[in-house]
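Quick notes on the structure that follows.
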Amino acid sequence: MTSPEPIAANIAAWTKRNAEYTDPSAARAWASTEVRWGKFGGPEAELDVLGDVSGLDVVELGCGTAFMSARLARLGARVVGVDPTPAQLETARRMQRETGIEFPLVEAPGEAVPLPDASFDLAISEHGAAAWADPHRWLPEAHRLLRPGGRLAFLHTSPLAYCCFPAVGQVTEQLQRSYFDLHRVSWPGDDGVEYQLGHGEWIALLCETGFAIERLIELQAPESAVTHAYYSDVPAEWARRWPDEEIWVAWKA
């Protein structure tokens, strides 16, 4: 079982990130009406991860400043955003006041969500819980929250990218760490704890949890992509050659 310490460390890390980046960029993120995935903005219109969300009950696990939830609310979904970091949620509430787009926000980690069983048709995580919560705990929570036949879609950094990150600096073209030791990953100078598994472990855990896997989408940055100003540790050129991010799509069997 995950101890409280990684959750507290991640709250501290994202309080800092909120001040540095997510709060200053929130207005721009909330202004966009198009659902896009990842740092290079893979368009939902092309990827077709979610389908029609109008009228669906949706929970976003690790919503951060809740810009993805806001975009889904614009499309007619009944959304609840869940995040453990008060500063991120305060930014989300500020944006709700400024835009008039309102939906419930719940302060909680993805590993322990205080919402009823079988309440949602769709659970999503764009990084969020998919990167910062223990998958052995947040996947069972997502399963619990979904109705039978409900769908799960989550995006995170690919295992390949994790294996190519040095301790400090940009992703490389060489392997830097063992593929089989990815469960908990920490970086020098960063108090946060990230989580990752190899593909075989992801498949096994999803199936053991009670999900049927629908798709795995390995994202490729388009030719027009430019390196992200804040998340510059993955140059666009690298992400055009190898998948920096991936999306899992599954449903509750």
Side-chain angles (χ1 to χ4, degrees), residues 22 25-39 41-85 88-110 113-133 138-139 141-156 206 211-215 217 219 245-253:
T22 57
S25 66
R28 182 174 67 253
W30 274 65
S32 175
T33 60
E34 185 179 7
V35 174
R36 288 182 171 269
W37 294 92
K39 63 172 67 73
E44 168 66 18
E46 295 178 10
L47 297 172
D48 193 25
V49 175
L50 304 177
D52 184 4
V53 300
S54 179
L56 297 185
D57 294 308
V58 180
V59 61
E60 183 180 7
L61 301 173
C63 67
T65 59
F67 63 86
M68 178 67 87
S69 289
R71 295 173 192 179
L72 296 180
R74 283 191 178 99
L75 294 173
R78 295 184 293 270
V79 186
V80 177
V82 178
D83 199 272
T85 304
Q88 294 267 80
L89 293 178
E90 182 50 43
T91 296
R93 293 187 184 98
R94 174 172 63 82
M95 293 311 307
Q96 288 186 336
R97 293 191 296 269
E98 292 180 9
T99 64
I101 303 169
E102 296 186 357
F103 46 85
L105 295 167
V106 177
E107 184 181 327
V113 180
L115 294 171
D117 296 359
S119 298
F120 297 96
D121 305 300
L122 174 65
I124 68 166
S125 178
E126 202 254 12
H127 290 292
W132 301 90
W138 83 261
L139 282 178
E141 275 294 86
H143 188 272
R144 179 185 68 79
L145 292 168
L146 286 170
R147 297 174 178 129
R151 299 175 73 236
L152 168 69
F154 64 94
L155 174 144
H156 61 184
L206 282 161
F211 286 105
I213 298 168
E214 181 179 315
R215 299 166 66 194
I217 306 166
L219 294 178
E245 297 167 301
E246 61 187 24
I247 304 170
W248 290 87
V249 185
W251 54 275
K252 181 174 179 175

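Just so it is clear, the values below take in all heavy atoms, side chains as well, and ignore hydrogens, waters and symmetry mates. As the structure is a prediction and not an experimental result, all values here were calculated from the model.
Here the NE2-CZ distance, from H143 to F211, works out to 5.5 Å after rounding to the nearest 0.5 Å. Put simply, CD on Q96 and CG on L105 are 4.5 Å apart, with the number rounded to the nearest 0.5 Å. One finds the OG atom of S69 at 11.0 Å from the CD1 atom of I101 (value rounded to the nearest 0.5 Å). One distance of note links CG of L155 with CD1 of I247; it measures 5.0 Å at 0.5 Å rounding. The CD1 atom of I213 lies 5.0 Å from the CG atom of L206; values are rounded to the nearest 0.5 Å. Rounded to the nearest 0.5 angstrom, S54 OG and R78 CZ are separated by 8.5 Å.
Considering all non-hydrogen atoms of both residues, A66 and A92 come closest at CB-CB, 3.9 Å. C63 approaches L89 most closely through the heavy-atom pair SG-CD2, 4.0 Å. Closest approach of A73 and F103 over heavy atoms only: CB-CD2, 4.1 Å. Considering every non-hydrogen atom in both W37 and A153, the closest pair reads CH2-CB, 4.5 Å. Closest heavy-atom contact between M68 and I124: CG-CD1, 3.6 Å. Minimum heavy-atom separation, A129 to S125: N-OG, 3.2 Å.
Side-chain atoms of R215 never come within 3.5 Å of backbone atoms of A250 as a donor-acceptor pair (strictly under, hydrogens ignored). Judged by distance alone, with hydrogens and angles left aside, the side-chain atoms of R144 form no donor-acceptor pair with the main-chain N or O of A118 at under 3.5 Å. With hydrogens and angles disregarded, no donor-acceptor distance shorter than 3.5 Å links the side chain of D57 to the backbone of D121. Of the possible donor and acceptor atoms, none in the side chain of E44 sits under 3.5 Å from a partner among the backbone N and O of E34.
Looking only at side-chain heavy atoms (C-beta outward), S32 and R71 come within less than 4.5 Å of each other. In this structure, V106 and P114 have side chains that are in contact, with non-hydrogen atoms separated by less than 4.5 Å. Looking at V53 and V79, their side chains never come closer than 4.5 Å, going by heavy atoms from C-beta outward. L145 has its side chain within reach of L61: a pair of non-hydrogen atoms, C-beta onward, lies under 4.5 Å apart.
Ion pair R151/E214 flagged as a salt bridge, since at least one NZ, NE, NH1 or NH2 atom sits closer than 4.0 Å to an Asp/Glu carboxylate oxygen.
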Exercise. Kindly indicate, with the supporting measurements, whether the criterion side-chain contact (heavy atoms from CB on, under 4.5 Å) is fulfilled by F67 and E126.
Key: CA-CA 10 Å; F67 63 86; E126 202 254 12; 4.1 Å; yes
Quiz item: Does the pair L139 and L152 meet the rule for a side-chain contact (heavy atoms from CB on, under 4.5 Å), with working shown?
Solution: CA-CA 9 Å; L139 282 178; L152 168 69; 3.7 Å; yes
Exercise. Start with the C-alpha distance between L50 and V58, add both sets of side-chain angles, then the distance that settles side-chain contact (heavy atoms from CB on, under 4.5 Å), and finish with yes or no.
Key: CA-CA 11 Å; L50 304 177; V58 180; over 6 Å; no
Self-check item: side-chain contact (heavy atoms from CB on, under 4.5 Å) assessment of M95 paired with T65
Solution: CA-CA 8 Å; M95 293 311 307; T65 59; 6.0 Å; no
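Every residue two or more places apart in sequence or in another chain was checked for a side chain to side chain contact (heavy atoms under 4.5 Å, CB included) with P148, and none qualifies. With sequence neighbours excluded, the residues satisfying side chain to side chain contact (heavy atoms under 4.5 Å, CB included) with R94 are D23, A26, T91, R97, E98.
Defined by atom type and a distance below 3.5 Å, a donor-acceptor pair is missing between the side-chain atoms of H156 and E245.
Aromatic ring pairs are classed by plane angle as parallel below 30°, tilted from 30° to 60° and perpendicular above 60°; the pair F154 and W248 is parallel.
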